[in-house]
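Working notes for the structure below.
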Amino acid sequence: MSKPTAIARDDNPSFEAMAIVDKYEVFLNYLYPKVQNCPRKHGVLRDAVLAALFVPVPGFHAAGKTKQISRLYAVDADIAVLRFWLRFMANSSRAIITEAQCKVAMRHLNEVGSMLGAWIQKTSTRQIEGSRSGGAASAREGLPTKDRVVGG
């Protein structure tokens with residue numbers, strides 16, 4: 001018999017990252033088959049949209065691991081690009097997806113966006129509170145601390 005393989009687990013997963021990935025997966029499961037079945041004459045568009053669909057996933061995990069607000073803003077920008085692609089595909093001159101399909105996809109993506117907005121708000125509040133307390137982050141960034149007065 002072979003020895004069982006040890007499973008490496010993350011001891012500190014970010015709840016926000018995991019919940020938002022689950023919601024994003026619902027969006028992917030809805031939209032991916034529709035984009036995959038895009039007519040061949042729209043192949044370049046299909047490839048661009050398919051690539052854009054998978055860009056936010058590593059960003060969610062990176063933001064959850066590093067707790068850097070800049071990574072959250074990057075994912076927010078990726079989601080804005082997806083919103084553009086949805087509107088573009090639903091345009092009557094292309095009609096790759098119907099207006100109704102676009103609305104459903106947008107609803108799924110808006111759930112992800114609202115979760116991301118709450119995560120950004122929570123992270124920015126934490127960073128502001130951390131800098132006010134005179135922690136190491138504020139000293140590294142050159143921000144005023146309790147002990148150091150700027151210009152005095």
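The first residue in the sequence is number 1, and the count goes up from there. Quick note: numbers below take in every heavy atom, side chains included, and nothing from hydrogens, waters or symmetry partners. As the structure is a prediction and not an experimental result, all values here were calculated from the model.
Rounded to the nearest 0.5 angstrom, Arg87 CZ and Ile97 CD1 are separated by 11.0 Å. Asn29 CG to His108 NE2: the interatomic distance, rounded to the nearest 0.5 Å, is 9.5 Å. The CZ atom of Phe88 sits 12.5 Å away from the SG atom of Cys102 when rounded to the nearest 0.5 Å. Here CG of Asp78 is found 7.5 Å from CG of Leu82. Values are rounded to the nearest 0.5 Å. Annotation: the span from Ile79 atom CD1 to Leu116 atom CG amounts to 5.0 Å, rounded to 0.5 Å.
Looking at heavy atoms from C-beta onward, Ile96 lies out of side-chain contact with Val49 at the 4.5 angstrom threshold. Proximity of Leu28 to Phe54: side-chain heavy atoms (C-beta onward) are separated by under 4.5 Å at one or more points.
Clustering ILVMFWY residues whenever any of their side-chain heavy atoms sit less than 4.5 angstrom apart, transitively, puts Val75 in the very cluster that holds Phe84. Cluster annotation: Met18 is not connected to Val26 through the hydrophobic network of ILVMFWY side chains, with a link wherever side-chain heavy atoms come within less than 4.5 Å.
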Show the numbers, then the answer: is there a side chain to side chain contact (heavy atoms under 4.5 Å, CB included) between Gln36 and Leu50? CA-CA 8 Å; Gln36 192 67 23; Leu50 287 174; 3.3 Å; yes
Test side chain to side chain contact (heavy atoms under 4.5 Å, CB included) on Val81 and Val55 and set out the steps. CA-CA 10 Å; Val81 170; Val55 170; over 6 Å; no
For residues 37-46, run the donor-acceptor check on the side chains, cut-off 3.5 Å, and write out each pair with its distance to 0.1 Å, sequence neighbours left out.
unit_1, atom_1, unit_2, atom_2, d
Asn37, ND2, Pro33, O, 3.1

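Counting non-hydrogen atoms of other residues, nucleotides and ligands closer than 6.0 Å to NZ of Lys23 gives a total of 12 or fewer. Applying the 6.0 Å contact sphere to CD of Gln68 captures more than 12 heavy atoms from other residues, nucleotides or ligands.
Side chain of Asn110 to backbone of Met106: a donor-acceptor contact under 3.5 angstrom is found.
When all heavy atoms are compared, the tightest approach of Arg71 to Ala62 is NH1-CB, 3.4 Å. Heavy-atom minimum distance, Glu111 versus Ser114: O-OG, 2.9 Å. Shortest non-hydrogen contact noted between Tyr24 and Leu109 is CE1-CD1, 4.1 Å. Closest approach of Ile120 to Ile69, counting heavy atoms only: O-CD1, 3.7 Å. Listed here is the closest heavy atom pair of Arg83 and Gly113: NH2-CA, 4.1 Å. Considering every non-hydrogen atom in both Ile20 and Val112, the closest pair reads CD1-O, 3.6 Å.
In summary, the aromatic rings of Tyr30 and Phe27 are positioned with their centroids too far apart to meet the 6.0 Å limit.
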